[in-house]
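Computed from a predicted structure; not experimentally measured. Just so it is clear: chains get the letters A, B, ... in the order the sequence lines come, proteins before strands, and each one is counted from 1.
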Amino acid sequence: MSGPSDYQPTNPALKWIERRLPILGLMHSSFVAYPTPRNLNYWWTFGAILSMMLALQIVTGVIMAMHYTPHVDMAFKSVESIVRDVNYGWLLRNMHASGASMFFIAVYIHMFRGLYYGSYKEPREILWILGVIIYLLMMATGFMGYVLPWGQMSFWGDTVITNLFSAIPYVGDSIVTLLWGGYSVGNPTLNRFFSLHYLLPFVIAGVVVLHVWALHVAGQNNPAGVEPKTEKDTVPFTPYATMKDAFGVSCFLLFFAWFIFYMPNYLGDAENYIPANPGVTPAHIVPEWYYLPFYAILRSIPDKLAGVVAMFGAILILAFLPWLDSAKTKSSKYRPLAKQFFWIFVVVCLLLGWLGGKPAEGIYVIAGRVLTFCYFAYFLIVLPVLSRIETPRPVPNSIADDVLAKTGSKSTPMVSSVIALAVAGALFAGSVQDARAAEGQEIPPSQKWSFAGPFGTFDRGALQRGLKVYKEVCASCHSLSYVAFRNLADAGGPGFSPAQAAAFAAEYQIKDGPNDAGDMFERPGRPADYFPSPFPNEQAARAANGGAYPPDLSLINKARSYPRGFPMFIVDLFTQFQEQGPNYVSALMQGYVETPPAGFALPEGSYYNKYFPGHAIKMPNPLSDGQVTYDDGSPATVAQYSKDVTTFLMWTAEPHMEARKKLGLQVFVFLILLTGLLYFTKKKIWADAH
Amino acid sequence: MTTASSPDHPTRRDFLFVATGSVAAVGAAAALVPLVLQMNPDASTIAAGAPIEVDLTPIAEGQDIKVFWRGKPIFVSHRTKKQIEDARNVTVASLPDPESDDARVKPGKDQWLVVIGICTHLGCIPIAHEGQYDGFFCPCHGSVYDTSGRIRSGPAPTNLPVPPYQFVSDTKIQIG
Ligand code: FES
């Protein structure tokens, strides 16, 4: 894309094509011969990483759309069936869901890099603005994607975000109705969000083409911030930049795979494993981590309209950056003051993100206002003033000089800043988990689970005993709707044979029909049937349980969580701790206390439980010693029952967990090998360039 | 793996490039597996394709019913004496897709014809008791099948296939 190419194919067929459509020449001049500054560091590989992420999101997304049903009654279930039934569906879903977070991590690094090195300055203003547009489109796409699984956070996030538009004077409410296609968030909303979520990535791809085009016209910026002058300042894109990017991409894939295979729910919200319920708002509505800084800005302004304006302003102000910062020196390396303020700004953004996950009360509100001021001050005061008063250090004469000057003290600062950034990012991301402040809830003790950790597997005995406890105790009130009898014979499950699963199913009576006479009838269960629900509908369940609705247990271990607090949630990222659900569920079953503490007013028909949020639970103590007979000699105690049934319910929540960890190990071995090879290849190739 | 200055060791350098390239290619190929295999029937579809049982008692002689198995219509016909004779009094070798009627029904159960009711031409559903052989007639492009479900005229290349089934009792069959 930089002028006519001198590419001359020799093959006659290629020649024939080239004369009619010079696409090969275009490719050659854009991605092979294209001169790239030779001093680019690894922060520049994020452009390639982002391209890969966009492609991956589109591929996995198009595939998931083949299995997803955009209907309020079926969306949640169809996502579950993707994860449970579709071949490799769990993998594709984890890739797509964590992929969104990875995409944002990469885009934030890419943006901060542009900010630090002044990549938005003359002649790259349009390049930068196109980037801001891509970022806005990404936010819209990510938001609409998060709505699709139709869990509690999907629904309420959707409600809150669309209601932002109601702040617009006079026409706000009409706009919101227009967005919803109804009088509240409902099926039309879900359908249009699905349609747009499918469309927008292709729009992003289109703007990316413009972004790359603008990049290739202006040329890449570089850490020295001086434009290439001679041949000596650049190297051809292929193989130099290509190999460097490939190595960067491979490292990023390692990071990505950690989440896909070992921490798939770390960046998500447990609340979203509860199907959407328009009648109950979760205690803490928290957007995805990548919106948190803007969410914090929104909440810190006490006026509705002003808050919304500030939030959108915080993003749009980026587009004006080329004119707010008019300093001639591009790279902050040579701007001692700008450099310090840059890092302060990074900290401000991280703190805003952390605040966005906190409840909006007390000190957090004040801190939010201060930080919001700092955020805008950076753009509106600091940068304009600095560009007038700062005396920059002398920049190198040329890129070649810059390269010569720093051979010796190479990548050490890079390594430390990567580590600092990783920790900061984790802190930021984990703050979501922190958001669910414990309200009158005791933190359950951490237990040892056979399925924890990178090599964890289910204890078959515990799964079978847990199934028995579910069947004999829990099943009288709780459904298990996402589990079919056939699953009992699946690999990685309780280890039933297909015949045993069929026999187990036949013990149940399943409602079927209508028959030829038009009547419903009962028949013995078959492997393809799902565990029948104890109540025909929610109303019946509530009527029989003092107004409380016993939740479906299939996903309970993923739908319950508690805050781990700082710094535990960072440690968790490395130790792969994600057993909050099981710890809570098993503690709950053992947390009944006969007499509530003095001064606690227990409502009629409730029981006191140490671990239940608010302590007053409608479920009577379900377990007692000796209640279920075990055939394998395991102790018939409440502690053992809870452990077994919790293990069983972990399996029902994620039946393919063992497959996930097993494939994860293989992928890691492979990626480490590939990354090593790419590293040495890159080194060999670059050896010629210096 | 230390890096020697490369121009002196072209073979080692080439080996590194080839190794990196092949590992990357293997990875890319392996990554395609889940992306393609997700299109196969999922576990619930496979489970729903389990065998079904059909009670034959309500089907009177000369009548037929249509049941669905794995989303396909299955015709179960209770053939009359005449229909059976018609099916047997043909020179098998003269048929477009030669197959004897014996081979298409279960021994001793001549009266029961069970075929997949999907025209072997392009997949329309033929109509029972129609056409010049009183078998099946496909309205789409005019294929005519006889009382044994064998193709007699028209564009369809083969006979209506017989699904896997067996008699679990005298009056009940299991398809699948
Ligand atoms: S589909 Fe039956 S004749 Fe063409």
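- A donor-acceptor contact under 3.5 angstrom links the side chains of B:Asp97 and B:Asn159, judged on distance only.
- The contact list for residues 44-72 of chain B toward chain A, using heavy atoms and a distance under 4.5 Å, reads B:Ser44, B:Ala47, B:Ala48 by residue number.
- Taking the six-membered ring where the residue is Trp, A:Phe485 and A:Phe531 present tilted rings, their angle falling between 30° and 60°.
- Taking the side chain as every heavy atom from C-beta outward, B:Gln38 and A:Met66 approach each other to under 4.5 Å.
- When the heavy atoms of residues 111-122 of chain B are compared with those of chain A, none of the residues falls under 4.5 Å.
- For a residue to count as touching a neighbouring chain, one of its non-hydrogen atoms must lie under 4.5 Å from one of that chain's; by this rule A:Leu91 touches chain B with the side chain only.
- For a residue to count as touching a neighbouring chain, one of its non-hydrogen atoms must lie under 4.5 Å from one of that chain's; by this rule A:Leu674 touches chain B with backbone and side chain alike.
- For the 3.5 Å distance criterion, the side chains of B:Asp86 and B:Thr147 fail to qualify, holding no donor opposite an acceptor.
- One finds a salt bridge joining B:Asp110 and B:Arg88 here, because a Lys/Arg side-chain nitrogen approaches an Asp/Glu carboxylate oxygen to under 4.0 Å.
- In summary, the side chains of A:Thr45 and A:Asp245 do not present any donor paired with an acceptor at a separation below 3.5 Å, with no hydrogens or angles considered.
- Heavy atoms of A:Val667 lying under 4.5 Å from chain B are absent altogether.
- Looking at B:Arg150 and B:Asp101, no side-chain N of the basic residue comes within less than 4.0 Å of a carboxylate O on the acidic one, giving no salt bridge.
- Among all heavy-atom pairs drawn from A:Tyr482 and A:Arg84, the shortest one is O-NH1, 3.6 Å.
- Between A:Tyr262 and A:Phe668, the angle of the ring planes lies from 30° to 60°, which puts this pair in the tilted group.
- Here the closest heavy-atom approach between residue B:Ile127 and residue B:Pro139 is recorded as CD1-CG, 4.0 Å.
- Ring geometry for A:Tyr198 against A:Phe202 counts as parallel: the plane angle stays under 30°, on a 0 to 90° scale with 60° as the upper cut.
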